[in-house]
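Worksheet: the structure to be examined is printed underneath.
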Amino acid sequence: MAIECLVLGAGQEVGKSCVVVTIGGKRVMFDCGMHMGYHDSRRYPDFARALALFPGAADYTAAISCVVITHFHLDHIGALPYFTEVCGYHGPVYMTYPTKALAPLMLEDYRKVMVDQRGEEEQYSYEDILCCMKKVIPLDLKQTVQVDKDLVIRAYYAGHVLGAAMIYAKVGDAAMVYTGDYNMTPDRHLGAAQIDRMKLDLLITESTYAKTVRDSKHAREREFLKAVHKCVSGGGKVLIPTFALGRAQELCILLDDYWERMNLKIPIYFSAGLTIQANMYYKMLIGWTSQKIKNSYTVHNPFDFKHVCHFERSFINNPGPCVLFATPGMISGGFSLEVFKKWAPSEKNLVTLPGYCVAGTIGHKLMSGKPTTIDVDKDTHIDVRCQIHQLSFSPHTDSKGIMDLTEYLSPNHVILVHGEKPQMAFLKERIESELGMQCYYPANNETVSIPTTQNLKINATEKFIKQNLVFGGDMPKVGGCSEARGILLMEKSKTPKILCEDELLHLLGMEKHLVHFEPLPCSRMKEAESTDEPLLSSRIEEVKHTDGSAVQQASLADLGCERNG
Amino acid sequence: MREPRPLAYIVSSAASSSPLGNYLDPMDDGPSVSVPGPPNAGRPRAAEPRASTRSPEGYEAEVRTLASMSRGIYPLARAEALRGLAAVLETADACGGAVEQCYGCAVELMRDEDEGVRLASVRLIALCADKFAGREGWDGNGNGDQTDLMFLQLSSMARDMSTKVRIEAFNALGKSHRVSEGVLLQSLSKKVIKPNTGSGSIIKGKKLPPKLIFPCAAGIFAHGIEDEFYQVRTAACKSLGALSKFSTQYAQKALDLLMDMMNDDTEEVRMQTLQTLFYMATYGCLSVQEMHMHMFLGLLIDMNALIRDATRKILGLVNLPKLQMFKSAIDVLITSLEKNPEEQEIYSVLFSVGKNHGSFSANIAKHLAKEISMPSDAELILDKPRIKALLIVSISVSFSDDKHNKLDIPEIIFLHAISLLGKISCALGEVVDQDSLLSYLCQKSGTPFWKTRLLTAESGESEGCNVETVAGIRAQIEKTEKSTKCLDQVLTMQSMKIIIETVERAWAMRKSCNICDVRTILRTCKEELRILASNSSGSTGAFLRFLCEYLDAVQFIVEILQSIQLDNSYDLGPISLDVLLEKLDTSILKMKCCYAGFNREMEVQVCELALLANLLRLSKDRIHSKLVLEKLHWTINRLECLCADGSCELSYFSREIKKAFDANFAGSDVCTLLELFHLKPKTDYGMLKAISAVLQVRDNDSENPSSYVCGLPVGVSFDISLCNISRHDRLWLRMIVGESIQHTFLELSSFGGNDEVKCCSTTIPLFATPMAWSFVLRVCLVMECPYGSISVHQRHGGPRDSIVQLCDELDVYFVCTEQR
């Protein structure tokens, strides 16, 4: 038996994560994402290949046992409505509760951008999204779900974003884990990935930062706080453009805590849409946040920020220092751009930028060297004199984290996805040399076949059990370890059997043959004495081949026990 | 029976048995060949150490059995086996191969699937490391790799997914005894440091399993301080500091991590960080760099007073390499002082910071002198915290180690510092007395005042107070502290003796002298005793209190005798004889019942007083009342009983009374018997203990009365604590409202605490509340004092015998609810 792993997306690239794994005859699709960089057919995984895996299947529903989504990012879920509504997959779809809650928002938001702003042809409608979501079966952490008779899946906490999960799947003896995106270090609002140690044949892990080892998170936080504190104590305003979910909450918890400790009275604002929606979800899904938040939740919901004040648009022009969170994250338009226009010309002010900005946005322009003026359109020019602070908070684990997880899980094979090819090659080398595991990083549409371990049931004769395994029997003791000797009999179409040595002849209906050796000639006696080896006589058992059955002598010993003691 | 296997073998065998873990999942109905356990293993519970007397063979057998148990298929059994091994190891002396064998087992199960097993395994490894380190000659050459290996093994567990395992691993790491610098540095950095050829090759030469080279320790502390669970962070922080004594390079890098932890969102972690820093500072491995100052100074003005205090303590110990850092530290301390003027200990910190940086402080001193002497338009306000703080810093130069700086301090500084004498001497830890400090300051400032004193005070020391002498004095004081305590005791005893002698003399002159003088003498003595009693504790304190009672009794006796002898008790004023007799009885009862642990002599003494009291009653009444005679009889019996074995002698007085009593007082004058009494207070008190009680009522005072409904019972909540009460004592709570008294029996079994102090919070109902708008309830704890079998009071539902008050009466205020 083997695990077949077909990588439909995120093979040697980042985007449109989609892996179809055939495990014990079951086909599981992990993630169903879209590529944000393409606007043609390349943006979706090539689902036809998944259909081709199973020649007998009439449609996707027959070909795929289930789809499991790890988290709500579009490169992991973006193609799902397309797959279910357009391609016509009607089988079960699994995702965690928060993902189910947040995914429609993300999908609808993107659909609007795609259709309304870019004027593209509609791939799926809002109704399709709702229809698709109806097929979703929510998962809870560590809840074991019996998908069908053989297939079992289980979700583990992955950090990364609210509701992100790692998926464990098992059919018979073959077991594997698909990590999705995960984070091995906790941040201010999400915990670190957490999984049990299990016997695994395969681990499919993301490798966004396959080569990078990030420094301490504390240092980054300290730099950020220092920059903000310096700015506000100098009377400046701080603009923090963020996305509504995730980073905004983390930074705000960080600031709120710092404000509390330093007893600062400077107001922190949230531009309206952000607080209402995202914080509401966070307050509801508190069970999916970090330990610290869960602990303090009983006394005070940490998403009820103490120092966050009510904000009105007119406040932009108010004098005096303040901190403002505004969407969207890359200053690509909307409210954050409006504020940026107002605040950028003063050198007292500070703008923080997220770790990654798409090319073409103002954020990207600010990141690539410090420009003095920015042209928003042909009439508007912004004089940029403010300070720029780049945040490097990332919800992905670094190469150390990947190694740690791999070492902890100790699978037999590792497949890397969701990363850049050169870095993946580097990580593969490390995993193979340091951890001694087989490692692959297939490109899109490639298949990797992995052998699985198989446990074999064997029977034992009554006599063998009595002699060797029942307490009180006179089992030979070797240096504190017990050892049982027997003969393993494997016959065609029969369960293998273990039996005692003296039972063999009886079973085969044969007689015992004894072979005697001649004593050594006198001339070699001295030599023999000096080497001190018992060459005088010995008795061997014959190994016989009969039709269709093989007899082997087996020595069974406890693990870690020496054999020649 | 084989010989114990050498350690290297175990390590290699552990490596050869798949390090990927022992996958013996009972749920997989697979390897049915795995043997659940060896024949003689029994249940793992049997592993717990039973007796301390076991032969080495017993140990070995036990270890072997448990070791084979640890390979069982059930995780709980495996974990229990490992715990059993740990228990055996803890009791065993680390002889033979037992430790090696346990270690081997633990290493094998380090990668177990079950978190409980991993936890037990980490504990066992830590214990083994401890045992190895405890061996003689272990610190010698060649074992460094072994300790490093164990450190690495524990490190690899510090990235476990189970919180408990991580905590345990970090705790174990902190207890490491010796770790090489390379490994330590690796534990701080996530990036893998290429092992230099030296130690790396040795490790490889020992054929370590490939996973147990450096990478497994990579950045464990960097991860540990970022952990999701504050318990892990705290443990990591603690170990981080504990290991810093092994390497200075490590300590420096660890400081960077610790500085980051100051931003932690949990206060416990921040406090632990500061403790760790303090630990490092005391070990001298804390060197603060400029980059740390921002964080450090931020903590000095933290909202939390505990954090501020802890930071200041550290600041007082560290060495700041640059003047700029020094100045900023001083500035922030001054800011903090201005914000929190109540925190006077900041002056001490300023002083020690200044003292530690003599040359920088001298610089400050020069600037300050200029500022002071400059004829500014407004007068300089010396009272400002800033100037005070700077003065303290400047003056600290003269106590600094850098000798050459001492001359640099301008006189004017000393002149102004005189006003801060108290703070300076406080900062010096009050080892130098203020007088000599003052004379030193005066001398330096050139003030003629105090000059004569100066010569005598400093004839020996040319340099005045310097650190060496200060340190010397401190050491001396610490040394003499113990002897001082003894001295105190001796002094107390001496004054006690003097008081007793005085009392005896006063007793002797009671006839010849005015009663008022005797009274005054006794009263003064009592006063003295009370002061002594309040300063001493234990049995001495108890005895002093006892003596007070004794003197009370003596005073009553003197007055009673006086009033009996003079028919017209003019001097006594309005106090009638009955009252005095009653008071004497109470006083004697108190002596008898409120102290435990009498020795025989003291009890005899109390009994004689009781005899005397009864005799006085007889002489007053002239009629021999049955009750008094009974009491007399009982007391005589008790006295005889006490003196029966001849350890002490029955006094003449007692013997005569016994004779008279046997003769039914026929032919003997009571007054002549009275004359026979001889006052001789005993000073040998043995292990005397005072019985006392504290009674408190909750949430009640005259401003804040409790409410009640007229005529209905009301519950009163009390906090009661009792000292030295025995189980046989019978305690009652007496509640008095006007005329009515309610006694409530207190069940001693409901009290918590030890034999010495028992505590209890209870609510006791007062049944008959008066029909009044408000009333005051007087509450008191009383104890029954059995007078043999003689029952004094026959009150229904109250104490049977006479009682003593154990505490002062407490007022509880009540107001009727309708009024409020």
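Residue numbering restarts at 1 for every chain, and letters A, B, ... go by the order of the sequence lines.
- Checked for salt-bridge contact, Lys400(A) and Asp404(A) meet the test: a charged N lies under 4.0 Å from a carboxylate O.
- Under the 4.0 Å criterion applied to side-chain N and carboxylate O atoms, Arg166(B) and Asp227(B) are assigned as salt-bridge partners.
- For Arg214(A), the side-chain hydrogen bond (donor to acceptor under 3.5 Å, both in side chains) test picks out no residue, with sequence neighbours left out.
- Interface remark: Leu254(A) contributes no atoms to any contact with chain B (heavy atom separation under 4.5 Å).
- Counting heavy-atom pairs under 4.5 Å between each of His223(B), Glu226(B), Lys190(B) and chain A puts Glu226(B) at the top.
- Here the closest heavy-atom approach between residue Cys237(B) and residue Met261(B) is recorded as CB-CE, 3.8 Å.
- Arg197(A) and Glu115(B) are not joined by a salt bridge, as no carboxylate oxygen comes within less than 4.0 angstrom of a charged side-chain nitrogen.
- Counting heavy-atom pairs closer than 4.5 Å to chain B, the top residue among Arg261(A), Gln291(A), Gln194(A), Arg222(A) is Arg261(A).
- Glu260(A) pairs by the side-chain hydrogen bond (donor to acceptor under 3.5 Å, both in side chains) definition with His307(A), not counting sequence neighbours.
- Of the atoms belonging to Asp257(A), it is side-chain heavy atoms, and not backbone ones, that fall under 4.5 Å from chain B.
- Looking at Arg270(B), the atoms closer than 4.5 Å to chain A (heavy atoms on both sides) all sit in the side chain, from C-beta outward.
- In this structure, Ser189(B) contributes its side chain and Gln186(B) its backbone to no donor-acceptor pair below 3.5 Å.
- Heavy atoms closer than 4.5 Å to chain B are found nowhere in Asp196(A), neither backbone nor side chain.
- Of the listed residues (Lys226(A), Met262(A), Met403(A), His229(A)), the one with the most heavy-atom contacts under 4.5 Å to chain B is Lys226(A).
- Interface remark: Ile307(B) contributes no atoms to any contact with chain A (heavy atom separation under 4.5 Å).
- Looking at Asp160(B), both its backbone and its side chain come within 4.5 Å of chain A, counting heavy atoms on both sides.
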